[in-house]
Amino acid sequence: SRSYTVVSGDNLWAIARKFYGGVALTGKRFTMLTRTVIESTARKYGKANSNNGWWIYPGTVFTIP
């Protein structure tokens, strides 16, 4: 597995394309694979949830399967 640290300006779709290419469902699949990290980080920043991956934060580290 690889890891990726979110930087300012990132979004899940761009990160997914970087690692998996331009497949249409890639972003949705990537969101499902990283949901636990996304949701726990959103709560850490005072959000009730991530709004389906909308809220990601710089410094968050994803394990890329």
Side-chain angles (χ1 to χ4, degrees):
S1 293
R2 300 170 281 179
S3 64
Y4 179 79
T5 303
V6 176
V7 296
S8 182
D10 273 344
N11 65 64
L12 288 177
W13 298 99
I15 296 168
R17 274 193 305 274
K18 177 178 182 167
F19 288 97
Y20 299 115
V23 180
L25 295 177
T26 297
K28 186 171 186 165
R29 182 174 59 156
F30 185 70
T31 301
M32 290 170 32
L33 293 171
T34 58
R35 182 166 308 281
T36 302
V37 172
I38 293 167
E39 294 302 324
S40 65
T41 304
R43 285 190 298 277
K44 177 180 159 189
Y45 282 90
K47 302 285 184 188
N49 60 54
S50 72
N51 196 18
N52 290 322
W54 182 258
W55 300 107
I56 62 171
Y57 298 90
T60 302
V61 179
F62 294 127
T63 299
I64 311 296

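Predicted model, so just to flag it, every value in this text is computed and none were measured.
Legend: residues meeting side-chain hydrogen bond (donor to acceptor under 3.5 Å, both in side chains) with Y57, ordered by chain and number and at least two apart, are absent. Scored by the side-chain contact (heavy atoms from CB on, under 4.5 Å) test, A48 finds no partners at all (sequence neighbours excluded).
Atom-to-atom distance recorded for I56:CD1 and Y45:OH is 11.5 Å, nearest 0.5 angstrom. Note: I64 CD1 to K18 NZ = 9.0 Å, rounded to the nearest 0.5 Å. Note: I38 CD1 to L12 CG = 4.5 Å, rounded to the nearest 0.5 Å.
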